[in-house]
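Below is one structure, written out as structure tokens; the observations come after it.
Only this structure's heavy atoms are used, side chains among them; waters, hydrogens and symmetry mates stay out. By convention in this document, chain letters (A, B, ...) are assigned in the order of the sequence lines, proteins followed by strands, and residues within each chain are numbered from 1.
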Amino acid sequence: MGRPLATTVAGQQWRLLMRDRRLFLLGFALLLLLCTAGLTGAALHARQEAQRRDGQSEEAQIWAQQGAANPHGAAHFGRYLFKPTSPLAAFDPGLLPQLGTSLKLEAHASNPARHRAIDGGTALDRFGDLSPATMLQVLAPLLIILSGFAAFAGEHARGLLRQELAAGAGPTMLMAGRLAAFGGLAVGLVAVAALASGAALGMAGASVTDFGALLWIMAGYALYLFTFAALTLGASAAFTSARTALVLLLAFWAVATLFVPRIAPSIAESLAPTLSGPAFEAAVTKQMREGPSGHDPQDARLERLRAETMRRYGVSRIEDLPIDFNGVALFHGEALSTSLYRRHFAALYEGYDRQAEIQRGFALLSPLQAIRPWSRALAGSDQHAHRQFLEQAELFRYELVQGLNRAIIFRPRREGAGPYLADVAAITRDARFTPTPSSKREALSRHGPDLAILGAWAAIATLFAFAAGSRLGRSNA
Amino acid sequence: MSLVQLEWIRAWRDPVMRIMLLLFALAAGFAVLAGARWAAEREALVTQAVAEADEIMALRRTDFAALLAKGEKPKFGLVYATALPFRAGLPNAPLALLSAGQAESYPAAASISPFIDPDTIFDAHAAGLESPIVLAAGRFDLAFVIVLLLPLLLIAATYDFWSRDVESGSARFQLAHPVQAGRLILARAAVRGGGMLAAMTAIAVTALLIAGAREVASLALFALVTSAYGTFWIVLAILINLFVRASTTAALAMGTAWLAVTILIPAMSAAAANLGAAPPSAMAYTNAVRAAGLEVRAANAVAARAAATAASGRAYPASLWHSRREIQQRDSRLRPLHEAYRRGRSEHRTLADRLRFLSPAVVTQDALDRIAGTDATRALAFQAQARAFAGEMRLLAFDWMDQDRLLTLADYDSGLPRFAFAEPSRAGPLTRDVAALLLIASLVLTTAAFRLRGGPAKLL
């Protein structure tokens, strides 16, 4: 008896929603925007990826065109890597605009990525983008609030609620039916977004893993939007005035989607500060100069290395070495600077991770703080995916530079002065960089707590809705 | 009791108004603290970058003196002017704590050396290591509070100042009094919204003063921009209240307007700027510069090899004389590439700058960034001045080479030439921003005036 009644209420509410022309237009506009953004984003992504592949191949040709060059000079000329992006980034660009797109690999330095999309911006860039993910995170909850704030309060004002209750529909049944209708609206929005994004992924040449990740992302959004649906109905039932319900819901929306997401990173940064660029470089340079212990100056290290090398080869003069000592010094210097950079970068990334943990705490105030990292991580547009690319690039850089240093160490002995020149393209012929994209499985396990938080929000919001619904029965019976 | 007094009492007795002012004070206080912290860190970052040149020179001086003490002759980088390190830094403007603006999208320092391509002097400072999540979220500074929160609070105070009375029937009673409908509505909106706006502006200025802001002109400009922006929202509330009859509809209309002005129009304008004048490809630029650099190197390969072993017979070795010739060739070969890339970026920026006039929120953000000195124009002026300084330092090194002049201990003690940033004028763009805000507000007010011409009956 109960189920059919709830279904009837849900069906009736659904018809009311569809008949509300203003909401229908708003919803249609949102979906249209979402589909347009998704499909154009995918087309843009496909074009940019093609450009990136061409750019990378051109870069390899430039490296090969160096001809005869001094290997250390070539290591300073360096190579460039242009970062590939996941097809899912068309749905959620995440942190990509703030992360660099190209990386210079050179001797002695582990550079941060450069050419960020935010570089060289104007005041307009302070307002953010309108990606499909942003629409689902910010605009879709607003649509749900506008659709549902009067679901109970409006009917109470018009006296219809009293009639419904008098007709035998229990308050819990009414809430269940309306929650089913509004939950359907939330799931419907997510389903359309998923279909559009799926089509976009197909255009961008995504893999099966990407489609799987998309489903997980959408599961998170379904929980997120269902939370707003339940909170909206709860507020509508808790307050007899539609105006009060609307104002409070809009205030929650503004706090949850605009203010907390901006305050949380600032607080996290002040609680877990990380080094600025110049401070980072200064720390590495100081350790290079004074040694990792702080009491081993560069000159003394070089002198020790010279003595050890001569002892190993059984010679008493550096000129008698069968190898080039300059190459040995460069090789050891590179090993030391690389270990220092890796240690400092690891500390920096740990700082970012600590900041992310602090921000996760703010998910108690706003579910956006859980859906955003969940969505970014699975879309491969978060800091972790970037870090993985940088670490793979760093391994490649080290091998490349040390390969060139080895060429100097074992260079042919010849008469005459002048710099040593070699075919660097031949020396580095086997150096290939093939980055592995970040693992979706790993992202799922790392961000499992975010999904759990979203589940908790949905559960608490549902409990709140039913609790408010039961009070509605007592006050209107 | 006059109309204004009556409305003043109503507003004063409304607890929501007091709560909103308290909320604003808390948000403004936090924003100013966060802004002051950001500005101090920024200043420290620039100071550290600039001090690097002195640190390098101090270390070299120690080596120089040690060699002299041992009776040896200092060589290479210790004596050649071509190895001199210079730094240029963009100092904070007096009201930097107001807005982070575009400061984090542009390099704040430059590492200069006479033989370095002046277009690469910002490379080491182009990408900071700031947390990308913080950059993505944007700083919680006072500009953010003014651009996004202030209109929300003004909307909460005024969204149904008239429609609520129409709904309850009291509007009919008010219009029955011998008072012009236009005056009545304007006075009520001015007292409720204007009072709130004046209080919020005063709170924001006080917060800035407490945080140490002292430049009167910047504070006055800030108050002017905030007032103009707030006036736009009050006038919009008047217009919407003249058209809608229900409080809830007024709330929806004002909410939609806020969403459009602060989120949708800016996002669409940014997308239009990307489509209309897409920024040039950084990949293509990088490859083109590297390929052209290689061409110059290849053309000079034989001469470079010869110079490596040749004797110059002068104070500077033949290899440096060769490098001098080669970098001049390289820079003239690369200049068109750099200029084309800069031109492409400039076209994109110009379009984005023009599109700001579509939204009063973006105009306000732009004005506040300019007052804070964190706008793109100031950052670009720094780049142009630093490049010019790099050119001057190259000429200085060339001059020393021509004179066969090597560095002495006295040169180390007298210090390096220093970069000094000359502030560009902000009067033009700021005037345009304020004029645009006032013009938009006037247009909305004119539309409201047309509605009022229909007589009191149209207002019920």
Which atoms of A:Asp129 come close to chain B, meaning under 4.5 Å heavy atom to heavy atom: side chain ones, backbone ones, both, or neither? backbone

Side chain / backbone / both / neither for B:Arg345 at chain A, heavy atoms under 4.5 Å: side chain

Okay, side chain of B:Arg87, backbone of B:Ala109: is any donor-acceptor separation there less than 3.5 Å? no

Chain A contact via B:Ala298 - which portion, at a heavy-atom distance below 4.5 Å: neither

Quick one: which of B:Ala271, B:Ala352, B:Ala273, B:Ala27 has the most heavy-atom pairs under 4.5 Å with chain A, could you say? B:Ala352

Measure distances from B:Leu380 to the heavy atoms of chain A and classify the residue's part below 4.5 Å as side chain, backbone, both or neither. neither

Based on non-hydrogen pairs under 4.5 Å, which of A:Arg126, A:Gln48, A:Gln56, A:Arg52 is most in contact with chain B? A:Arg126

Looking only at the side chains, is there a donor atom on one of A:Gln369 and A:Arg360 sitting less than 3.5 Å from an acceptor on the other? no

Heavy-atom cut-off 4.5 Å, strictly under: side chain, backbone, both or neither for B:Ala156 against chain A? neither

Top of B:Arg139, B:Gln383, B:His348 for chain A proximity - count of heavy-atom pairs under 4.5 angstrom: B:Arg139

Residue among A:Ala254, A:Ala113, A:Ala279, A:Gly100 with most heavy-atom pairs under 4.5 Å to chain B: A:Ala279

Honestly, the part of B:Ala124 sitting under 4.5 Å from a heavy atom of chain A is neither

Criterion side-chain hydrogen bond (donor to acceptor under 3.5 Å, both in side chains) on B:Trp38 and B:Glu104, from CA distance to verdict: CA-CA 11 Å; B:Trp38 173 82; B:Glu104 286 161 317; 3.2 Å; yes

Residue part contacting chain B, namely of A:Phe149, when any heavy atom lies under 4.5 Å: side chain

Within the 4.5 Å heavy-atom criterion, are B:Ile133 and A:Tyr352 side-chain neighbours or not? no

Most chain B-contacting option - heavy-atom pairs closer than 4.5 Å, from A:Gln355, A:His386, A:Glu281, A:Arg114: A:Arg114

Any donor-acceptor N/O pair, A:Arg47 side chain to A:Leu44 backbone, under 3.5 Å: no

Greatest number of non-hydrogen atom pairs under 4.5 angstrom with chain B, of A:Ile263, A:Thr274, A:Leu246, falls to A:Ile263

Using a cut-off of under 4.5 Å on heavy-atom pairs, state which of A:Leu124, A:Leu33, A:Leu130 scores highest against chain B. A:Leu124

Quick check on B:Leu45 against chain A: is it the side chain, the backbone, both or neither that has a heavy atom closer than 4.5 Å? both

Below 4.5 Å from any heavy atom of chain A, which atoms of B:Ala291 appear? Answer side chain, backbone, both or neither. both

For the backbone of B:Leu148 and the side chain of B:Trp258, can you confirm whether one donor and one acceptor N or O come within less than 3.5 Å of each other? yes

Which one of B:Glu41, B:Gln48, B:Met268 has the most heavy-atom pairs closer than 4.5 Å to chain A? B:Gln48

Residue pair B:Gln102 / A:Asp125, side-chain donor-acceptor N/O under 3.5 Å: no

Chain B contact via A:Ser270 - side chain, backbone, both or neither, heavy atoms under 4.5 Å: both

B:Val225 and B:Asp433, any side-chain heavy atoms less than 4.5 Å apart: no

A side-chain contact here means heavy atoms from C-beta on lying under 4.5 Å apart; do A:Pro132 and A:Asp92 qualify? no

Chain A heavy atoms under 4.5 Å from B:Ala136: which part of the residue, side chain, backbone, both or neither? both

Applying a strict 4.5 Å limit to non-hydrogen atoms, the region of A:Arg262 in contact with chain B is both

What part of B:Leu135 is in contact with chain A, defined as an atom under 4.5 angstrom from a non-hydrogen atom: side chain, backbone, both or neither? both

Before giving the answer on side-chain hydrogen bond (donor to acceptor under 3.5 Å, both in side chains), spell out for B:Ser99 and B:Asp369 the whole-Å C-alpha distance, their side-chain angles and the decisive distance to 0.1 Å. CA-CA 6 Å; B:Ser99 172; B:Asp369 290 351; 2.6 Å; yes

Side-chain touch A:Leu81/A:Ser102, heavy atoms, less than 4.5 angstrom: no

Compute the ring centroids of B:Tyr106 and B:Phe122, then answer whether they are less than 6.0 Å apart. no

Where on B:Asp141 is there a heavy atom nearer than 4.5 Å to chain A: the side chain, the backbone, both, or neither? side chain

With a 3.5 Å cut-off and no angle check, do the side chains of B:Thr377 and B:Arg370 form a donor-acceptor pair? yes

Pick one of side chain, backbone, both or neither for B:Ser131, based on which atoms fall under 4.5 Å of a heavy atom in chain A. both

Counting heavy-atom pairs under 4.5 Å with chain B, which one of A:Gly120, A:Ala109, A:Pro97 comes out on top? A:Gly120

B:Arg164 atom CZ, over 12 foreign heavy atoms within 6.0 Å: no

When B:Ala379, B:Ala361, B:Ala246 are compared by non-hydrogen pairs under 4.5 Å with chain A, the top option: B:Ala361

Between A:Leu95 and chain B, which part of the residue has a heavy atom less than 4.5 Å away: side chain, backbone, both or neither? side chain

Establish, for the pair B:Arg290 and B:Tyr285, whether the NZ or CZ atom is under 6.0 angstrom from the six-membered ring centre and no further than 45 degrees off its axis. no

Is there a donor-acceptor pair closer than 3.5 Å between any side-chain N or O of A:Glu59 and the backbone N or O of A:Tyr80? yes

When only pairs under 4.5 Å are counted, which of B:Leu259, B:Asp375, B:Val46 shares the most heavy-atom pairs with chain A? B:Leu259

Between B:Arg342 and chain A, with a heavy-atom cut-off of 4.5 Å, which part of the residue counts as in contact: side chain, backbone, both or neither? neither

Shorter than 4.5 Å, heavy atoms on both sides: which option in B:Pro132, B:Ala267, B:Ala31 has the most such pairs with chain A? B:Pro132

So what's closer than 4.5 Å to chain A heavy atoms on B:Asn274: side chain, backbone, both or neither? neither

B:Asn287 side chain to A:Gly55 backbone, donor-acceptor under 3.5 Å: yes

Go through the atoms of B:Ser247 and report whether side chain, backbone, both or neither lie under 4.5 Å from a heavy atom of chain A. side chain

Find out whether B:Val145 and B:Phe24 are in side-chain contact, i.e. whether some heavy atom of one side chain is under 4.5 Å from a heavy atom of the other. yes

